[in-house]
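A short worksheet on the structure shown next.
Just follow the structure's listing: the first ligand is 1, and inside any ligand the first atom is 1. Predicted model, so just to flag it, every value in this text is computed and none were measured.
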Amino acid sequence: MDKVLARDTEGPAARPRRRAALISAVAGVAMVAAAVMVTSPSASAGTTLGASAAEKGRYFGTAVAAFKLSDSQYTGILNREFNSVTAENEMKWDATEPSQGQFNYSSADRIVNHARSNGMQVRGHALAWHSQQPGWAQNLSGTALRQAMLNHVTQVATYYRGKIYAWDVVNEAYADSGGGRRDSNLQRTGNDWIEAAFRAARAADPGAKLCYNDYNTDNWTWAKTQGVYNMVKDFKARGVPIDCVGFQSHFNSGSPYPSNYRTTLQSFADLGVDVQITELDIEGSGSTQATTYGNVVRDCLAVARCTGITVWGIRDSDSWRASGTPLLFDSSGNKKQAYTATLDALNAGGTTTPPTTTPPPPPTTTPPPSTTTPPPSGSGCTATLTLNQWQGGFVTNVRVTAGAAGANGWTVSLTLPSGASVTNTWSAQASGTSGAVSFRNVDYNRQLGAGASTEFGFQGNGTGPSGTATCTAG
Ligand code: G3I
């Protein structure tokens with residue numbers, strides 16, 4: 001990204017529980033943990049960022065540089081505190097396709113393998129971006145560039161299929177002012193390049209959440225924020241497969257944390273997408289910096305569809321803005337005041353967050369009001385459907401919420417209206433395409449803590465289902 005303004009811009013179980021999910025004794029462990037959470041919230045307050053966020057059904061991640069994984073201090077903090085990672089540079093176009101058609105995943109794989117073997121989820125960053133393109137792509141234009149971009153999206157998303165929680169499919173496509181698109185070689189291939197990238201990503205990895213990611217979109221009154229909002233609203237209305245919006249949230253005096261940040265997050269969530277804070281760093285020090293970190297965490301926890309926070313590096317010395325000391329650990333790896341404020345804000349957020357489902361507005365009707373679905377009290381699960389219907393087709397998003405015992409696997413069953421058929425499913429494995437159909441969890445969303453939620457969706461022809469469906473845990 002350009003360095004004009006200060007600026008620019010990620011639900012697992014608690015780390016011990018998440019790690020336990022990798023071993024066969026997980027069910028019993030999770031049930032014991034769930035019982036503790038319900039009966040004694042303070043006793044279950046997380047002692048690490050990841051564990052505490054997981055108690056709120058969220059993740060807490062960091063950007064990771066592959067070459068630092070041999071630094072034991074760095075890796076020690078990473079493994080102790082975080083349950084999600086984003087490759088800082090290693091999944092970008094210049095890194096993964098240095099020559100056209102020749103893919104290199106060695107550095108990215110180091111990060112993905114480290115994450116998976118330590119029970120962390122992975123955010124993919126970034127498939128299509130005007131910056132950090134390989135030289136050969138910078139020299140392309142028109143149809144050749146469009147095809148190269150789509151092939152890149154398809155190849156990389158296919159290679160990592162099933163391993164990525166969420167992809168930044170398109171990064172930083174909006175201009176810094178005016179509310180319109182940024183000029184770039186990709187933009188010059190046609191205004192539909194963004195939706196083309198999202199469709200290619202969905203086809204390549206139907207299980208990954210697909211995000212649009214940008215910076216300076218934190219302040220609700222800014223034209224850029226409104227431009228991105230209108231694009232997401234349009235995508236949802238037309239059934240373009242978008243699941244989430246990433247807010248980079250690089251804050252400093254030139255681009256400060258805005259008091260309307262929570263309004264921004266909630267407004268996007270109200271369109272029917274998850275929101276994620278994807279590259280958080282806050283320049284400053286001491287109590288001022290700490291207070292702002294706390295505010296950001298409280299804003300995310302207040303928005304049911306804010307599914308996680310990623311900080312853009314671990315120690316201040318790891319930051320792209322190291323001189324601004326914007327991170328949670330000092331350059332010696334010590335916890336800063338900002339760390340304590342972040343953990344305290346996470347722990348103050350309670351033990352679970354009841355899911356709020358706000359359906360996206362159908363193209364021609366008034367959106368229905370938000371509804372809150374409390375977690376079921378028993379050992380099962382519930383499934384709440386949100387329908388976006390248009391003439392001839394639909395997208396149904398399904399929120400699965402585990403009961404008090406949590407869930408180790410789940411299946412949602414429903415009957416489609418006559419004439420309807422499923423054409424595409426994400427974040428679940430579908431059985432059947434018409435009539436009685438069912439959807440089974442995929443690997444990354446199999447395990448749900450007590451009262452925790454996950455979402456999947458499916459697209460189809462005809463009239464889609466809405467309301468509730470049968471959910472079976474186990
Ligand atoms: O690895 C080479 C090294 O061999 C060489 O000696 C050195 C000389 O400059 O460069 C090194 O590469 C640098 C790379 O970071 C790894 O440190 C690149 O020059 C440098 O441009 C690159 O900067 C990255 C930047 O994206 C590029 O746009 C930052 O690390 C990374 O934090 C930053 O991340 C972006 C997000 O992707 C999108 N949002 C904004 C965010 C901050 O700019």
Is the ring centre of [X] less than 6.0 Å from the ring centre of [Y]?
| X | Y | result |
| --- | --- | --- |
| Phe268 | Tyr229 | yes |
| Phe251 | Tyr261 | yes |
| Trp312 | His125 | yes |

Numbered atoms and elements of ligand 1 in range of [X], under 4.0 angstrom, heavy atoms:
| X | answer |
| --- | --- |
| Trp320 | 32 (O), 42 (C), 43 (O) |
| Trp129 | 28 (O), 37 (O), 38 (C) |
| Asn171 | 38 (C) |
| Glu172 | 38 (C), 39 (N), 40 (C) |

Using distance alone, with no hydrogens and no angle criterion, decide if Arg181 and Gln187 have a side-chain donor and acceptor under 3.5 Å apart.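 Arg181 vs Gln187: donor-acceptor pair found between side chains.
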Hey, are Asn113 and Asp109 close enough side-chain-wise for a donor-acceptor pair under 3.5 Å?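 Per modelled atom types, Asp109 and Asn113 side chains form no pair under 3.5 Å.
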Hey, does Arg321 sit under 4.0 Å from ligand 1 if you only count heavy atoms?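 No.
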With the threshold set at under 4.0 angstrom, would you say Phe67 reaches ligand 1 through any of its heavy atoms?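 Heavy atoms of Phe67 never come under 4.0 Å of ligand 1.
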Polar-atom distance check: Glu88 versus ligand 1, any N or O pair below 3.5 Å?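 There is such a contact, yes.
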How does Trp312 reach ligand 1, if at all, at less than 4.0 Å between non-hydrogen atoms: by side chain, backbone, both, or neither?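 Only the side chain of Trp312 comes within reach of ligand 1.
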Ligand 1-proximal atoms of Asn213, by part, heavy-atom distance under 4.0 Å: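 No part of Asn213 comes within reach of ligand 1.
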Using 30° and 60° as the class limits, which term best fits the ring planes of Phe329 and Tyr339: parallel, tilted or perpendicular?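 Correct class here is tilted.
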Ignoring hydrogens, just give me the one of Glu90, Lys92, Met91, Glu279 whose non-hydrogen atom is nearest atom 33 (C) of ligand 1.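 Minimum heavy-atom distance to atom 33 (C) of ligand 1 goes to Lys92.
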Pi-cation contact, Tyr215 with Lys224 (under 6.0 Å, within 45°):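 Output yes; distance and angle both within limits.
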